[in-house]
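Down below is the structure, laid out as structure tokens.
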Protein chains: 2
Amino acid sequence: MEELLDTTGGKRGRITIHDVAAAAGISISTASKALNDTGRMGLETRERVKRIAAEIGYRPNALARGLLSKRSFTIGLLTNDTYGRFTLPVMAGISDALVDHGVSVFLCAIEEDPALAQIHVEAMLDKQVDGIIATGKRLDRRLPVDLSNLNVPVVYAFTEGAPGSVTFRSDDAQGARLAVEWLAKLGRKRMVHVTGPENFFSVRERADAYRRVAGEERPVLFGVWSESWGHEAVARLWSGGGERPNGIFCGNDQIARGVIDALRERGIRVPQDVSVVGFDNWEIVAAQTRPPLTTVDMELKELGRQAGLTVLALAEGRSVEPGIRKLPCRLVVRQSCGGDTLGI
Amino acid sequence: MEELLDTTGGKRGRITIHDVAAAAGISISTASKALNDTGRMGLETRERVKRIAAEIGYRPNALARGLLSKRSFTIGLLTNDTYGRFTLPVMAGISDALVDHGVSVFLCAIEEDPALAQIHVEAMLDKQVDGIIATGKRLDRRLPVDLSNLNVPVVYAFTEGAPGSVTFRSDDAQGARLAVEWLAKLGRKRMVHVTGPENFFSVRERADAYRRVAGEERPVLFGVWSESWGHEAVARLWSGGGERPNGIFCGNDQIARGVIDALRERGIRVPQDVSVVGFDNWEIVAAQTRPPLTTVDMELKELGRQAGLTVLALAEGRSVEPGIRKLPCRLVVRQSCGGDTLGI
DNA sequence: GTCAAGTGAGAAAAGGTTTTCTCAGCTATC
DNA sequence: GATAGCTGAGAAAACCTTTTCTCACTTGAC
């Protein structure tokens with residue numbers, strides 16, 4: 001009790017429970033039980049052991065603990081989203097949800113390389129991860145690796161899951177409805193939808209929802225995910241002799257940015273003449289657009305949080321209903337539609 | 001040898017070295033030595049054990065191995081770069097360098113929260129990481145946590161390190177020289193530098209290098225890291241009665257984007273009338289700018305790779321010279337300066 | 001035929017922790 | 001005063017590997 005404290009952490013290696021036991025003059029079994037609030041023991045002993053452990057800076061070795069408990073308090077996050085545009089919010093949500101439970105996250109970026117993916121999966125399994133979350137950049141694409149027969153739980157987030165698995169995704173239809181209803185509420189009835197390639201599942205889903213709310217006859221322009229397509233779409237809409245829209249719902253923020261820039265170049269005012277709404281709420285694009293973009297946020301952080309909690313539940317043996325869970329999107333009102341002073 | 005293979009991985013838990021030994025009719029010691037190419041043993045036995053291990057799908061438990069060897073083949077990456085703009089390339093480089101060595105990476109995003117940082121650091125230490133890499137978004141700011149007295153090696157990458165540590169950073173002065181020399185080579189002698197806040201170390205370093213090459217009298221406009229500052233800077237330059245520049249070196253790609261947009265709005269052609277060069281090579285901005293941006297790449301992936309190899313070396317007990325290592329930047333030529341058809 | 005050297009393989013310990021089992025001593029009950 | 005039940009605490013096993021030590025056996029040399 002009056003020993004010199006070795007603040008360097010001991011000459012060799014870390015402080016173990018043996019050191020705690022020795023310092024308290026008890027056995028390691030008793031020390032363990034005291035620290036974990038298990039077993040039978042005098043309250044006074046328990047407190048004393050805890051105090052001594054804290055004093056000498058004891059921290060249990062997670063490897064040893066994991067070896068016995070078969071829980072490593074570690075999960076793996078597998079992603080093929082190199083840019084991290086979708087992965088980072090998901091990661092943030094997972095981490096946020098799990099840090100309280102002492103769980104750390106291995107991040108593995110696998111590009112589209114099946115061999116690399118396999119290596120990472122094996123490394124994670126060797127390290128006894130409690131579970132794996134697979135995430136990506138497209139709802140309708142699989143990661144280039146088969147995770148269906150692993151003996152750890154797998155949860156899919158923002159990527160296509162295996163049959164019978166748990167999958168979290170954004171509710172793109174609902175997100176599109178939010179956008180369209182907002183435009184309608186602002187009186188923008190002459191709507192058009194400028195979006196990405198039709199072979200994307202989420203593009204079709206958003207377009208369908210848009211047509212259901214705005215009217216089946218309202219036009220949809222499919223293209224690519226770039227600013228320049230936004231420019232081109234505006235050129236097409238304004239050069240033809242057809243109806244000029246006063247509300248443009250874009251498939252992502254980059255297209256919206258292109259659309260707004262193109263409108264400005266034509267002297268068309270946003271939002272006075274035309275309202276524009278984007279999709280993704282990619283801060284760096286949405287906030288820098290002039291005017292700042294009203295856009296749909298997929299709440300990817302919340303999606304990550306739920307995926308994290310779910311994989312944890314599975315790891316703890318709790319059972320989880322399989323299936324696809326659609327999480328609601330949220331409309332972020334900035335200035336590209338007007339109405340931003342209304343409150344929502 | 002003719003046993004039924006249990007492809008499910010056994011009814012309970014994973015396949016261990018005991019299973020290999022049993023299947024081969026030998027002891028676990030012999031199995032271990034066979035698989036690790038250690039000890040003395042008949043070649044035939046060794047091969048047979050390896051074959052059987054592969055057949056039944058044995059993979060060693062990294063936890064058990066780590067407990068003994070005191071190496072977890074795991075490192076931690078600590079970052080306060082929420083957007084991940086700088087962290088992701090660094091992470092990719094680290095992962096790329098270490099995956100061959102069987103090392104996995106814990107990613108911990110700590111924002112600016114010292115308590116959160118502390119929790120993550122302790123979780124990593126509990127999990128016996130072999131080392132920690134600290135990274136951030138500013139060269140002249142510390143992470144909100146003290147890593148200097150840990151008993152694992154720490155390497156700093158793109159953030160300010162503790163005294164006596166190993167730190168990797170980009171050579172911003174050299175990067176600025178690349179940009180300025182390129183403008184000069186294209187005959188753009190009337191240069192101006194539009195950059196971020198002067199209290200950033202890298203801003204000062206780039207500005208100093210710019211002045212040394214372009215001439216001490218050449219103007220520098222300090223501002224903020226946004227597109228709108230680019231617009232404002234152009235307005236300032238073209239509204240006054242002063243000299244009109246024909247080469248603009250911007251402190252980052254967002255400012256460059258704003259500058260180019262502002263120039264176009266004034267009917268000034270890029271690159272015919274004015275050449276613009278950015279900094280960061282942030283694909284999403286640089287490639288979508290019209291025309292696409294010639295810019296300086298800080299080679300963060302390479303920086304990550306070297307940081308990874310260094311922390312690994314330290315973990316293996318090899319000694320590494322402390323100090324700051326500046327890694328060269330690279331000029332990425334697109335079309336915003338002209339000269340892109342020259343070759344470089 | 002004896003001895004030394006070499007070969008193949010197993011037993012056991014170690015790594016740090018948790019958990020189950022056992023045991024000695026005490027209190028309460030009749 | 002004996003016995004049942006309780007209390008506090010320790011011994012030992014278990015988790016999965018690796019490594020060191022030991023041992024039995026073979027071979028070659030004298």
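To find a chain, count down the sequence lines: A is the first, B the second, and so on, and within it residues start at 1.
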Considering just the side-chain nitrogens and oxygens of B/T30, establish if one lies under 4.0 Å of OP1 or OP2 belonging to C/dG8. no

Counting side-chain heavy atoms from CB outward, which of D/dA9, C/dT18, C/dG15 is closest to A/I17? C/dT18

Is it the case that B/T79 and B/D81 place a side-chain donor and acceptor less than 3.5 Å from each other? no

Expressed as a whole number of angstroms, how long is the span from B/K127:NZ to C/dG16:C1'? 16 Å

Atom-pair distance (CD1 on A/I26; P on D/dT7), nearest Å: 20 Å

What is the distance from CZ of B/R71 to C1' of C/dG15, rounded to the nearest Å? 16 Å

Please give, in whole Å, the distance from D/dG8 P to A/L43 CG? 9 Å

Report which part of the nucleic acid B/S69 touches: base, sugar-phosphate, or nothing (heavy-atom distance under 4.0 Å, all strands). nothing

Answer yes or no: is there a donor N or O on one side and an acceptor on the other, between the side chain of A/N36 and the main chain of A/S32, under 3.5 Å? yes

Any B/M124 side-chain heavy atom under 4.5 Å of B/I132 side chain: yes

Taking CD1 from B/I28 and P from C/dG8, how many angstroms apart are they, rounded to a whole number? 21 Å

Given side chains that start at C-beta, do those of B/K33 and B/R40 come closer than 4.5 Å, heavy atoms only? no

Residue-phosphate contact under 4.0 Å: A/S32 side-chain N/O, C/dT19 OP1/OP2: no

B/R65 or B/A31: which one's nearest nucleotide on DNA chain C is closer to the 5' end? B/A31

Given the rule in the salt bridge (charged side-chain N to carboxylate O under 4.0 Å, His left out) test, do A/R51 and A/E47 qualify, once you have shown the distances and angles that lead to the verdict? CA-CA 6 Å; A/R51 185 170 46 73; A/E47 297 300 339; over 6 Å; no

Taking the axis from the first five pairs and the axis from the last five, what angle separates them in the helix from C/dG1-D/dC30 to C/dC30-D/dG1, rounded to 10 degrees? 70°

Residue pairs fulfilling salt bridge (charged side-chain N to carboxylate O under 4.0 Å, His left out) with at least one residue in residues 154-167 of chain B, sequence neighbours excluded: B/R142-B/E160

Proximity to the side chain of B/S27 - top-ranked nucleotide from D/dG10, C/dT18, C/dA11: C/dA11

Show the atom names and distances, to 0.1 Å, of all donor-acceptor pairs under 3.5 Å that link a side chain in residues 102-113 of chain A to residues at least two apart or in another chain.
residue, atom, partner, partner atom, Å
A/S104, OG, B/K127, NZ, 2.8
A/E111, OE1, A/T82, OG1, 3.1
A/E112, OE2, A/N80, ND2, 3.1
A/D113, OD1, A/A115, N, 2.9
A/D113, OD1, A/L116, N, 3.2

Under 3.5 Å, is there a donor-acceptor pair between the side chain of B/R169 and the main chain of B/L303? no

From CZ of B/R46 across to C1' of C/dA9 the rounded distance in Å is 12 Å

Just wondering, do B/L327 and B/E299 contact through their side chains at under 4.5 Å, heavy atoms? no

B/L68 has its side chain closest, among C/dT18, D/dA9, C/dG15, to C/dG15

NZ (B/K50) and CZ (B/R48) are apart, to the nearest 0.5 Å, by 14.0 Å

Between atom CE in A/M41 and atom P in D/dA11, what is the gap in whole Å? 14 Å

For every nucleotide of nucleotides 20-25 of chain C, 5' to 3': is a protein heavy atom under 4.0 Å from its base (B), only from its sugar-phosphate (S), or from neither (-)? ------

With sequence neighbours excluded, give me every ring pair (Phe, Tyr, Trp, His ring centres under 6.0 Å) pair touching residues 56-76 of chain B. none

Which parts of residues 57-64 of chain A get close to DNA chain C, meaning a heavy atom less than 4.0 angstrom away? A/Y58, A/R59, A/P60, A/N61, A/A64

Between C1' of D/dT19 and CG of B/D37, the distance in whole Å: 15 Å

Side chain proximity check, A/D126 to B/R14, heavy atoms < 4.5 angstrom: yes

